[in-house]
Amino acid sequence: MTATAATPATAATPAVEATEKTGARTDDAASLISDARERVDSLDDRIIGLIQERMAVSAVIQEARIASGGRRVNLSREMEVLGHYRDALGKPGTALAMTLLELCRGRI
């Protein structure tokens with residue numbers, strides 16, 4: 001009885017890995033998707049940075065309003081923001097604005 005050497009598992013080729021990672025069925029589509037995802041990731045980083053900047057500016061506004069004897073939240077202003085996002089992005093824009101407003105409230 002002779003022992004047979006086990007064949008090592010073949011590594012997937014880069015093209016196969018790219019199509020599996022992206023869900024694309026062709027190398028061209030996988031390349032396009034990979035490039036577009038890099039751009040989306042870059043945009044997400046910029047959006048996160050802008051949200052963090054907005055949070056800081058909102059904190060300054062809230063501090064000034066409270067220091068002057070006002071309330072922490074200005075509901076009429078929040079309604080303007082909600083309307084702006086809804087008008088620009090439709091119904092999902094309202095949900096996005098609500099999340100943004102929640103992130104920017106009460107950081108004092």
In the structure I gave you, are the side-chain heavy atoms of I33 and K21 within less than 4.5 Å of one another anywhere?
no
Applying side-chain contact (heavy atoms from CB on, under 4.5 Å), name anything that partners I48, two or more places apart in sequence or on another chain.
Q52
Under 3.5 Å donor-acceptor, S34 side chain and A30 backbone:
yes
Of all heavy-atom pairs linking R105 and E78, the shortest is NH2-OE1, 2.7 Å
Looking only at heavy atoms, what is the nearest atom pair of Q62 and C104, with distance?
NE2-O, 2.6 Å
As an exercise, state the distance from CG of D28 to CG of L32, rounded to the nearest 0.5 Å.
9.0 Å
Once rounded to the nearest 0.5 Å, what's the spacing between atom OG of S58 and atom CD of E53?
10.5 Å
Applying side-chain contact (heavy atoms from CB on, under 4.5 Å), can you list everything that pairs with L43, at least two apart in sequence or on another chain?
R39, R46
Sequence-distant partners of S76, side chain to side chain donor-acceptor pair (under 3.5 Å), two or more places apart:
N74
CA sep, side-chain torsions, deciding dist, call: R37, T22, side-chain contact (heavy atoms from CB on, under 4.5 Å):
CA-CA 9 Å; R37 283 183 177 168; T22 63; 4.1 Å; yes
Pair up each side-chain donor or acceptor in residues 79-101 with any protein partner under 3.5 Å, not counting sequence neighbours, and list the distances.
unit_1 : atom_1 : unit_2 : atom_2 : d
E80    : OE1    : R77    : NH1    : 3.2
T99    : OG1    : A95    : O      : 3.1

Restricting to side-chain contact (heavy atoms from CB on, under 4.5 Å), what partner residues turn up for S68, sequence neighbours left out?
none
Taken in chain and number order and not counting sequence neighbours, the residues that satisfy side-chain contact (heavy atoms from CB on, under 4.5 Å) with A29 are A24, T26
Minimal heavy-atom distance between R65 and R71, with the atoms involved, is CD-O, 2.6 Å
